[in-house]
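Written below as structure tokens is the structure these notes are about.
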Amino acid sequence: TGAISSLQRQVEIQESELRRIRSEKELLQKQLREREVQLQALSDKFCTITEEQRQEEVVVMMEEENRNLHQIVTEQESQLAEQSKLIGELQGTINQLRAEVVNTRLHLLEQKQAQKETQSQADALQHKALQTRVALEQITCKFERYRNKIIQATFSMEGSQDHPGELTDNEVLEAMQKIINERAELQQMLKHRGSK
């Protein structure tokens, strides 16, 4: 926003300078037209003088005035050419500054859009993380209940010994495997004896 304000101030300054130069150009053009009118008037006046009235002093004066007017016209045309060139340069600078303002605004819009998308992604990830945490807690609770049921089923059987202290997962699995093996052996024995 600061860059845009700075660029707009530069545009306003350049446009003000352009208006001033154009005003000066119009004034010079007006002066040039007036000088041309004067030159034409003198030329017309010189043409209307009869041969008897054309004295050498008048001729010298007219030629001097003519040279002065031509010099003024040449200088003013040169000034007009310089100011036209300056106007072109200023117009180019103004166009460039305006383009920079547009580009800066587009860049800001792109940054805002990218920030919005990033925030949206962050919100989605945060929501997903919360859902994952809830699901993990539910799975942990189910696992603990299942583990407790296995421990209860394993060590509450007839002939099993109470295990002192906290049981590890490997100890629970070994106890379960032992019960499964004992049941399989019992089943084989009963099958060999012909029992149901």
What donor-acceptor contacts under 3.5 angstrom involve side-chain atoms of residues 63-72, with partners at least two apart or in another chain?
{"from": "Glu64", "atom 1": "OE1", "to": "Arg67", "atom 2": "NH2", "distance (Å)": "2.6"}
{"from": "Asn66", "atom 1": "OD1", "to": "His70", "atom 2": "NE2", "distance (Å)": "3.3"}
{"from": "Asn68", "atom 1": "ND2", "to": "Glu64", "atom 2": "O", "distance (Å)": "3.3"}
{"from": "Gln71", "atom 1": "NE2", "to": "Glu75", "atom 2": "OE2", "distance (Å)": "3.4"}

Inset, instruction - Enter the distance from Glu36:CD to Glu34:CD here, rounded to the nearest 0.5 Å. - result: 10.5 Å
Inset, instruction - Consider only side-chain heavy atoms of I, L, V, M, F, W and Y, link residues closer than 4.5 Å, and tell whether Val11 and Leu90 are in one cluster. - result: yes
Legend entry - Ile139 side, atom CD1; Thr132 side, atom OG1 - distance, nearest 0.5 Å: 9.5 Å
Inset, instruction - Hey, could you give me the CD/CG distance between Gln188 and Leu186, rounded to the nearest 0.5 Å? - result: 10.0 Å
Inset, instruction - Any salt bridge (Lys or Arg N to Asp or Glu O under 4.0 Å) involving residues 22-32? Give me the pairs, sequence neighbours left out, ordered by first then second residue. - result: Arg20-Glu24
Legend entry - Inter-residue atom distance Leu18.CG - Glu15.CD, 0.5 Å rounding: 7.5 Å
Legend entry - Neighbour count >12 (heavy atoms, 6.0 Å) for atom CD, Gln187: no
Legend entry - Those residues that, when tested against Gln79, pass side chain to side chain contact (heavy atoms under 4.5 Å, CB included) (two or more places apart): Leu28
Inset, instruction - Any chance you could lay out the side chain to side chain donor-acceptor pair (under 3.5 Å) test for Asn181 and Gln177, step after step, and finish with the verdict? - result: CA-CA 6 Å; Asn181 292 338; Gln177 190 63 48; 3.3 Å; yes
Legend entry - Expected output: side-chain Thr104 to main-chain Glu100 donor-acceptor under 3.5 Å: yes
Legend entry - Any residue meeting side-chain hydrogen bond (donor to acceptor under 3.5 Å, both in side chains) with Gln76, in chain and number order, not counting sequence neighbours: Gln31
Inset, instruction - Could you list the residues that satisfy side-chain hydrogen bond (donor to acceptor under 3.5 Å, both in side chains) with Asn170, not counting sequence neighbours? - result: none
Please output the side-chain donor-acceptor pairs of residues 123-131 that fall under 3.5 Å, not counting sequence neighbours, one pair per line with the distance.
{"from": "Asp123", "atom 1": "OD1", "to": "Gln119", "atom 2": "NE2", "distance (Å)": "3.1"}
{"from": "His127", "atom 1": "NE2", "to": "Gln131", "atom 2": "NE2", "distance (Å)": "3.1"}

Inset, instruction - Check side-chain hydrogen bond (donor to acceptor under 3.5 Å, both in side chains) between Arg105 and all other residues, then give those that pass, not counting sequence neighbours. - result: none
Inset, instruction - Only counting residues at least two apart or in another chain, list the ones meeting side chain to side chain contact (heavy atoms under 4.5 Å, CB included) with Glu174. - result: none
Legend entry - Evaluation steps, side-chain contact (heavy atoms from CB on, under 4.5 Å), between Leu39 and Arg35: CA-CA 6 Å; Leu39 183 62; Arg35 294 292 185 182; over 6 Å; no
Legend entry - ILVMFWY cluster, Ile94 and Ile87 together (side-chain gap under 4.5 Å): yes
Inset, instruction - Please name all residues satisfying side-chain hydrogen bond (donor to acceptor under 3.5 Å, both in side chains) with Gln111, sequence neighbours left out, ordered by chain then number. - result: His107
Legend entry - Closest approach of Gln83 to Ile21 (non-hydrogen atoms, all atoms of both residues): OE1-O, 3.4 Å
Inset, instruction - Mark yes or no for whether Thr118, through its side chain, and Ala114, through its backbone, hold a donor-acceptor pair below 3.5 Å. - result: yes
Legend entry - Pairs meeting criterion salt bridge (Lys or Arg N to Asp or Glu O under 4.0 Å) with involvement of residues 82-94, two or more places apart: none
Legend entry - Point-to-point distance, once rounded to the nearest 0.5 Å, from CZ of Arg145 to OG1 of Thr140: 10.5 Å
Inset, instruction - Drop me the distance from Asn103's CG to Glu110's CD, to the nearest 0.5 angstrom. - result: 9.5 Å
Legend entry - Glu77: side chain to side chain contact (heavy atoms under 4.5 Å, CB included) partners, not counting sequence neighbours: Leu32, Val73
Inset, instruction - Determine yes or no for a side-chain-to-main-chain donor-acceptor pair under 3.5 angstrom, with Ser78 supplying the side chain and Thr74 the backbone. - result: no
Inset, instruction - Kindly write out the residues that satisfy side chain to side chain contact (heavy atoms under 4.5 Å, CB included) with Gln10, not counting sequence neighbours, or none if the list is empty. - result: Ser6, Leu97
